[in-house]
Asks: 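Structure incoming, see below.
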Amino acid sequence: MITTIELDRYFHITGLSRSEIEESINTAVETARVHAMREGWQGIVVTRHEPGLYTVNLSGDVPYGVTMERDLCRSTGAFPYRGTETAIPPAN
């Protein structure tokens with residue numbers, strides 16, 4: 001489930017299954033990417049806070065065109081989002 005905290009810029013992601021979380025993260029990243037392209041100066045951070053709880057947000061600390069992952073969860077396991085440092089095309 002995606003909860004929008006700040007329109008097109010900040011999202012909370014929760015889910016019970018890996019596929020639900022991946023789908024929600026991908027949707028939130030794509031929404032943030034479109035917004036980043038309009039502004040042209042922020043990157044995207046995907047953060048795992050604990051199993052089943054993630055955030056996706058635009059950040060001025062991340063270069064434009066880059067999506068970074070951050071894992072604040074102490075448990076082991078694979079991070080479900082696979083877009084680490086993915087370049088996005090510049091806005092026209």
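We count residues from 1, following the sequence as given. No hydrogens, no waters, no symmetry mates; every other heavy atom, side chains included, goes into these values.
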Asks: Other residues, nucleotides and ligands only: do more than 12 of their heavy atoms fall within 6.0 Å of CD on Glu23?
Replies: no
Asks: Any carboxylate oxygen within less than 4.0 angstrom of a Lys/Arg side-chain nitrogen, looking at Arg9 and Glu39?
Replies: yes
Asks: Look at the side chain of Ser59 and the backbone N and O of Asp61, then say whether any donor-acceptor pair between them is shorter than 3.5 Å.
Replies: yes
Asks: Nearest 0.5 Å, what's the OG1-CG distance between Thr47 and Asp71?
Replies: 9.0 Å
Asks: By side chain to side chain contact (heavy atoms under 4.5 Å, CB included), which residues pair with Ser24, not counting sequence neighbours?
Replies: Ile2, Ile13
Asks: When you compare the side chain of Val56 with that of Ile44, does any pair of heavy atoms fall below 4.5 Å?
Replies: yes
Asks: Could you tell me if the side chain of Val29 sits less than 4.5 Å from the side chain of Val46, heavy atoms only?
Replies: yes
Asks: What's the spacing between Arg48 CZ and Cys73 SG if we round to 0.5 Å?
Replies: 4.5 Å
Asks: Please collect all ring-ring contact (aromatic ring centres under 6.0 Å, His included) contacts where either partner lies in residues 11-43, sequence neighbours excluded, each pair once.
Replies: Tyr10-His12
Asks: Shortest non-hydrogen contact from Leu58 to Ala36?
Replies: CD2-CB, 3.7 Å
Asks: Quick one: CD on Glu30 to CD1 on Ile25, what's the gap to the nearest 0.5 Å?
Replies: 14.5 Å
Asks: Any chance you could measure His49, atom NE2, to Tyr54, atom OH, to the nearest 0.5 Å?
Replies: 10.0 Å
